[in-house]
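Below is one structure, written out as structure tokens, with a few remarks after it.
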2 protein chains.
Amino acid sequence: MSLDSRKKQVLDAIVDDYVSTYEPVGSKALIERHNFTVSSATLRNEMAELEKMGLIEKPHTSAGRIPSDKGYREYVNSLMSYDNLTREERDDISRRIDGSVNDITDLIRTATDTLSERTGFVSLYMSPRLHKSFLKQLKMLMIEPGKALVVIVLSAGVVKDKVVRIPNFLTGEQIMKISDSVEQSLTGKPLDEITLVTVASSMKDTDLPDAMMNQIIYEAYTAIKQADSLNIYLEGENKMLQLPDFGELAKARNLLDSLSNDGMVAGYVNELHPEIEKADDSFMIRIGQEITLDGLQDCSFITTTYKIGDDISGNIGVIGPKRMEYSKVISQINFVRKKLNDNIKKLTE
Amino acid sequence: MSLDSRKKQVLDAIVDDYVSTYEPVGSKALIERHNFTVSSATLRNEMAELEKMGLIEKPHTSAGRIPSDKGYREYVNSLMSYDNLTREERDDISRRIDGSVNDITDLIRTATDTLSERTGFVSLYMSPRLHKSFLKQLKMLMIEPGKALVVIVLSAGVVKDKVVRIPNFLTGEQIMKISDSVEQSLTGKPLDEITLVTVASSMKDTDLPDAMMNQIIYEAYTAIKQADSLNIYLEGENKMLQLPDFGELAKARNLLDSLSNDGMVAGYVNELHPEIEKADDSFMIRIGQEITLDGLQDCSFITTTYKIGDDISGNIGVIGPKRMEYSKVISQINFVRKKLNDNIKKLTE
DNA sequence: GTTAGCACTCGAATACCTAGAGTGCTAACA
DNA sequence: TGTTAGCACTCTAGGTATTCGAGTGCTAAC
């Protein structure tokens with residue numbers, strides 16, 4: 001499918017108009033708002049052909065046209081021109097993100113919140129995939145008989161902890177000994193090379209009975225593995241209710257229901273970025289029916305990756321109505337990502 | 001205001017009918033569904049008087065009556081009979097809550113989720129007020145130059161941690177020394193007796209320059225104080241969209257907007273339980289206009305307290321439409337609270 | 001104090017109409 | 001061959017009129 005230059009212009013104009021007005025675009029309105037040198041009748045002919053190609057469609061016989069999913073796709077792929085952010089936009093984003101200086105999770109969350117605020121849509125981040133990060137520290141602290149806290153520090157600067165159950169009569173000293181021994185032999189190992197076996201062998205010097213060791217090994221192992229669990233964070237769901245696109249209660253319900261299933265959304269975003277280890281700066285864009293996640297067919301997903309060092313990355317992006325200003329949203333995500341990466345670098349080196 | 005027995009019956013019947021049908025209740029419908037021994041004309045007279053008293057009202061001239069906020073209040077205060085939960089309900093709640101055995105926060109969250117699932121409304125918990133709990137352990141772990149992790153274990157079995165900044169050239173050994181010294185002198189102190197001064201004096205034996213100490217003191221102090229911060233958790237906002245009460249988009253928006261302001265809701269719930277330290281098992285109920293929190297005047301708040309030991313407690317409850325089955329909801333909260341308290345006891349002793 | 005009867009009210013539902021925006025098609029034109 | 005003016009046609013949104021029925025308050029009789 002290749003469009004001649006005038007068809008491109010027409011499609012471009014229809015998308016622009018429809019995005020800004022949420023009204024089906026007619027041939028007359030098109031003439032008025034854009035400086036076409038042809039008559040409305042000619043445009044009608046062009047529009048009829050664009051419709052035949054499946055790029056635009058009519059809500060009903062005597063209405064103007066709206067872009068189809070395929071139309072948006074064409075627009076995004078080859079028509080859209082990239083916005084440069086204004087000075088103010090850049091400053092605002094910088095101010096927000098640079099102001100978040102605590103830890104890396106805070107930073108990523110702030111970046112995500114910023115995205116939602118600035119776009120008015122839902123924003124999301126996926127926690128960094130940590131299986132390539134390596135263990136920097138592991139401490140077990142006795143909390144009370146039968147309970148210990150495992151604290152794990154990863155190379156990415158991420159700190160995780162988990163309360164685990166331990167045999168009741170273990171003393172604080174014994175725990176410390178085990179802790180030291182595990183730490184010593186696992187430090188420097190990437191998470192994905194840590195298995196039940198490596199954990200077990202890290203404890204082989206301790207002089208405790210096997211049954212007891214098994215419990216500790218298992219708990220330590222799950223504490224470590226949990227550090228690599230995939231989390232998603234969504235922000236700004238309610239903002240979507242302000243959009244006319246979700247002005248019918250049924251649609252609004254549907255949207256919120258779908259978004260409330262964090263796990264499903266996380267799984268989908270994960271699928272979109274299959275080789276996230278080798279992530280470059282590209283964007284994944286999914287529009288309307290392209291989204292294989294029930295109930296979000298009025299939306300578009302735009303996601304990309306942020307990086308912690310060379311091996312570790314996670315995703316950040318926006319879920320908005322498919323009727324959105326793609327170039328603007330993409331530019332904003334892009335700049336937010338840049339600021340995020342910069343700040344992560346500052347924080348971890 | 002005291003109602004004669006028949007007026008009570010009528011009000012009771014109106015509330016019951018309206019709650020179950022969401023239709024204004026007319027005199028005829030009342031006769032049909034309840035076995036009154038008088039005619040509809042008599043009921044009309046009674047209803048006119050109830051209206052004069054402000055207990056019921058008409059949406060418009062020729063409609064049936066619906067309870068006013070004052071009517072619900074009267075109903076809750078003196079008419080309502082308490083439901084006993086069915087065997088199944090009790091079993092379901094027990095199963096869910098007993099199944100959550102990890103840590104105390106998990107447990108409280110599970111209880112809250114259960115409430116939302118079972119009522120179909122929004123449920124909430126407020127984190128336990130910890131200022132009466134005392135410090136059991138405090139450890140500072142060096143993560144990397146300039147950064148340490150402060151881990152705090154409280155008497156309530158709560159573990160908190162925070163990454164803090166420390167002077168760059170402090171060694172792990174120095175940190176451990178400071179940590180030991182702080183722990184030794186603060187252990188056993190209730191949180192609300194720990195101040196900048198007590199923290200500072202706990203470190204007086206260390207031989208570091210003052211400027212450096214100030215930073216550590218401050219960081220340690222904020223880490224400790226942060227353990228006592230008031231958090232709220234809300235669950236099930238979307239479920240409210242299923243209710244006819246919020247069937248208009250404007251109302252739905254309004255509701256979700258109001259609920260999304262966690263801080264405001266937390267502040268309000270906190271106000272409702274002013275002397276939470278001396279909490280008994282009573283319920284706080286706020287209906288419609290009684291709620292001094294913008295945008296939630298179509299709702300009712302029902303909250304109560306859970307306990308961790310004798311001195312520490314938090315809140316748990318439900319936000320639903322004011323048109324709800326109060327007795328059922330209260331019974332459920334009550335049973336959930338009981339199970340929650342039981343499990344907390346098991347977990348902390 | 002209770003009740004039957006009745007005129008009255010008002011919202012919800014339905015049908016009907018109109019205005020207007022937009023279309024596709026045809027025939028003329030460059 | 002591509003472009004355009006003209007026109008009949010379509011369909012929605014919005015407004016008006018009408019009807020239906022549930023419910024009310026009031027009166028007068030029991």
**A:Lys7 with A:Glu49: basic N within carboxylate O range, under 4.0 Å** = yes
**Asked** Taking B:Tyr233 as the fixed residue, which of B:Leu124, B:Asp262, B:Asp113 is the one that meets the side chain to side chain contact (heavy atoms under 4.5 Å, CB included) rule?
**Response** B:Asp113
**Item:** Identity of whatever pairs with D:dT24 - Watson-Crick or G-U, under 3.5 angstrom
**Value:** C:dA7
**Message:** For a quick check, tell me whether the side chain of A:Ser39 and the base of D:dT4 share a donor-acceptor pair closer than 3.5 Å.
**Reply:** no
**Message:** With heavy-atom distances below 4.5 Å as the criterion, would you say the side chains of A:Pro244 and A:Arg323 are in contact?
**Reply:** yes
**Item:** Between D:dA22 (P) and B:Met47 (CE): distance, integer Å
**Value:** 15 Å
**Prompt:** Quick one: does A:Ile285's side chain get under 4.5 Å of A:Ile330's, heavy atoms only?
**Reply:** yes
**Asked** According to a strict under-4.0 Å criterion, is B:Ser27 in side-chain N/O contact with OP1 or OP2 of D:dT24?
**Response** yes
**Message:** Distance check needed: C:dT2 P versus B:Asp4 CG, whole Å only.
**Reply:** 10 Å
**Asked** Mapping B:Glu46 and A:Thr61 onto DNA chain C by nearest heavy atom, which one lands closer to the 5' end?
**Response** B:Glu46
**Request:** Whole angstrom is fine here: how far is it from CG in B:Leu43 over to P in D:dG23?
**Result:** 13 Å
**Item:** Summary of side-chain hydrogen bond (donor to acceptor under 3.5 Å, both in side chains) pairs that have at least one residue in residues 19-30 of chain A, sequence neighbours excluded
**Value:** A:Ser27-A:Arg44
**Item:** No-H, no-angle donor-acceptor pair, A:Ser62 side chain to C:dT23 base, under 3.5 Å
**Value:** no
**Message:** Using whole Å, what does the distance between atom C1' of nucleotide C:dG20 and atom CD of A:Glu32 come to?
**Reply:** 14 Å
**Prompt:** CD1 of A:Ile66 versus P of D:dT12: gap in Å, rounded?
**Reply:** 14 Å
**Side chain of A:His60 - closest among C:dA4, D:dT12, C:dC10** = D:dT12
**Request:** Indicate whether any N or O donor in one side chain lies under 3.5 Å from an N or O acceptor in the other, for A:Glu74 and A:Ser78.
**Result:** yes
**Asked** Rounded to the nearest Å, what distance is computed from the CG atom of residue A:Leu30 to the P atom of nucleotide C:dT23?
**Response** 9 Å
**Request:** Taking the side chain as every heavy atom from C-beta outward, state whether B:Thr119 and B:Glu325 have any atom pair closer than 4.5 Å.
**Result:** no
**Complete:** Any strand, both distances under 3.5 Å, Watson-Crick or G-U wobble: D:dC30 pairs with C:dG1
**Request:** Have a look at B:Thr42 and say if it touches a base, only the backbone sugar-phosphate, or nothing, with a 4.0 Å heavy-atom cut-off.
**Result:** base
**Integer-rounded Å distance: C:dG5 C1' and B:Lys28 NZ** = 12 Å
**Item:** Nearest-angstrom distance from the residue atom CD1 of B:Ile31 to P of C:dT3
**Value:** 8 Å
**Request:** Heavy atoms under 4.0 Å is the rule here; annotate nucleotides 24-30 of chain C 5' to 3' with B where the base is hit, S where only the sugar-phosphate is, and - elsewhere.
**Result:** B------
